[in-house]
Asks: 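The structure is given below, and queries will be raised subsequently.
Per chain, numbering begins at 1; letters A, B, ... match sequence-line order. None of these values were measured; they are calculated from a predicted model.
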2 protein chains.
Amino acid sequence: METAPQTASNHHPQFQIEIDVVVFTLRENSLQVLLCCPRSAGQWQLPGVSLRTDAGLEETAAGCVTRFTGLHEAYLEQLYTYYKPGGNVAAVVYFALVPADSLLKDKDESAANWFPVNDLPALVPNHDEVLVYALRRLRYKLEYSAVGFELLPENFSLSELQSTYELILGEKLDKRNFRRRILQAGIIESTSHRRAGEGRPAQLYRYRPDAVAEVKARRLFP
Amino acid sequence: METAPQTASNHHPQFQIEIDVVVFTLRENSLQVLLCCPRSAGQWQLPGVSLRTDAGLEETAAGCVTRFTGLHEAYLEQLYTYYKPGGNVAAVVYFALVPADSLLKDKDESAANWFPVNDLPALVPNHDEVLVYALRRLRYKLEYSAVGFELLPENFSLSELQSTYELILGEKLDKRNFRRRILQAGIIESTSHRRAGEGRPAQLYRYRPDAVAEVKARRLFP
DNA sequence: GCAAAAGTGTTACAGTTACACCCATGG
DNA sequence: CCATGGGTGTAACTGTAACACTTTTGC
């Protein structure tokens, strides 16, 4: 990475690098994504910033999330790097999960908004594709890792967790099987809090950050 | 991707983009990786080229594989993008699988060589890490997709396929279970060829490119 | 006391694993 | 005819999916 790659010529083309972030959250009973509409573009697009030479990729993505949501900790993962030949700007796309009810700050400056993933506005070219890919990755990841907690506040009830999974996967789940599995996996622990409301109060749980989140799935091959 | 991202300033830092490729193959009964040692660096590193403005990322990676192995078709997948703050070159890393016995061409020009993944030379900084990640991804991918065929010639026996899996996963597999599963999955078809040698001749199979390769694994969550 | 959400076990079924012998060919 | 690698089925087990009622609270 530090040394020049070996090519015939010695001068290398220069590119601009843009970090885009697909930020998901749960709002209004649906999975939503953060989009912004800068005046210069006049069209909705993923929030993004230009990479500076003195900043890391993930660091920059995290800064972008903070700037648009005000949150300082979010689940972040590199998704894909795009480059369209003929241009001179490459886009490194991250995806992020932020807890429910993360409010937008700087609303006017950033002109950003949440949109349900099933009801998106027209987007800048290629961002549709990126979004579809991010969504696929999120669903996929949900099936073999513990990523669902990132969309919930620190303390949550099992019913809330189940709804999260149902919303993202788009299917209903069996309550008893869901509880058994999630508890057996040992990735959450109960807290001393309970949430009152209509009906019987719910036991609240917390994610155990020390838990080993990825689990070996059944293999097809061999 | 085309429009400028919104930042305060209007001038953007410029970077060089390097495409590196982790090329795996099976040779001498082990999983091996392609490394090169350009005169300028004097140290082993992943083969890489500088991105040109008029070329796509995957296209460039494919060209890199061709240049070092002589092969024109290889399984390619984007792995990760790295950037070390303070530098000005980002590296987009791909991983590639090439069939057994892919010979190196241009041996002297490229100064490249195959190394068993368990016995690597000292590498340029950060490439160790990249390689470890690539290997993890390969093992992982092998478990839920049909990627193993990419390391074999067009026609192969079931025993050869099984050895491939065993070599990569680093564990022995049950012959009968292996065969049942791979055949049930319907991703290979028998050909009219057989391979003679010591012992009973083996039926040769071929990968069905139309097969749906990715299969839903058992979920932990929900 | 009733509406509303939380919590709790068991059984049938499907898929996975473990395992040992016969077959076809070349020398 | 024998050495070598190729090819084949079954039984025990483990994990998964389906399913309905009782409990606790607020009003």
Asks: Taking the side chain as every heavy atom from C-beta outward, state whether B:Arg208 and B:Ile187 have any pair of such atoms under 4.5 Å apart.
Replies: no

Asks: Please report, rounded to the nearest Å, how far the C1' atom of C:dA6 is from the CD atom of A:Glu160.
Replies: 12 Å

Asks: Taking NZ from B:Lys172 and C1' from C:dT17, how many angstroms apart are they, rounded to a whole number?
Replies: 18 Å

Asks: Could you give the CG-to-P distance, from A:Leu161 to C:dA5, as a whole number of Å?
Replies: 18 Å

Asks: Provide, to the nearest angstrom, the distance between the CZ atom belonging to A:Arg179 and the P atom belonging to D:dA17.
Replies: 18 Å

Asks: Can you check each nucleotide of nucleotides 18-27 of chain D against protein heavy atoms at under 4.0 Å and return B for base, S for sugar-phosphate only, - for none, in 5' to 3' order?
Replies: BBB--BBBS-

Asks: Please name all residues satisfying side-chain contact (heavy atoms from CB on, under 4.5 Å) with B:Arg195, sequence neighbours left out, ordered by chain then number.
Replies: B:Glu160, B:Leu204

Asks: Under the ring-ring contact (aromatic ring centres under 6.0 Å, His included) test, which residues partner B:Phe24, sequence neighbours left out?
Replies: none

Asks: Could you tell me the separation between the CZ atom of B:Phe178 and the P atom of C:dT17, rounded to a whole number of Å?
Replies: 13 Å

Asks: Of all of residues 152-159 of chain A, which get a heavy atom below 4.0 angstrom from DNA chain C, listed by number?
Replies: A:Ser159

Asks: Could you check how far CG of A:Leu183 sits from C1' of C:dA6, rounded to whole Å?
Replies: 13 Å

Asks: Can you tell me how far the CD atom of B:Glu59 sits from the CD1 atom of B:Ile19, to the nearest 0.5 Å?
Replies: 10.5 Å

Asks: With ring centroids as reference points, do B:Tyr205 and B:Phe156 lie under 6.0 angstrom apart?
Replies: no

Asks: In this structure, how many angstroms lie between the P atom of D:dG15 and the CD atom of A:Gln184, rounded?
Replies: 9 Å

Asks: With sequence neighbours left out, write down each residue that passes ring-ring contact (aromatic ring centres under 6.0 Å, His included) with B:Tyr94, or none if nothing qualifies.
Replies: none

Asks: Which atom pair, heavy atoms only, marks the closest approach of B:Pro99 to B:Pro153?
Replies: CB-N, 4.4 Å

Asks: Atom CD of B:Gln203 and atom P of D:dG7: how far apart are they, to the nearest Å?
Replies: 7 Å

Asks: Please tabulate, one pair per line, all N/O donor-acceptor pairs under 3.5 Å involving side-chain atoms of residues 128-135 of chain B, not counting sequence neighbours.
Replies:
from: B:Glu129; atom 1: OE1; to: B:Asn126; atom 2: ND2; distance (Å): 3.4
from: B:Tyr133; atom 1: OH; to: B:Arg137; atom 2: NH1; distance (Å): 3.1

Asks: Where do B:Ala196 and B:Pro201 come nearest, in terms of heavy atoms and distance?
Replies: CA-CB, 4.2 Å

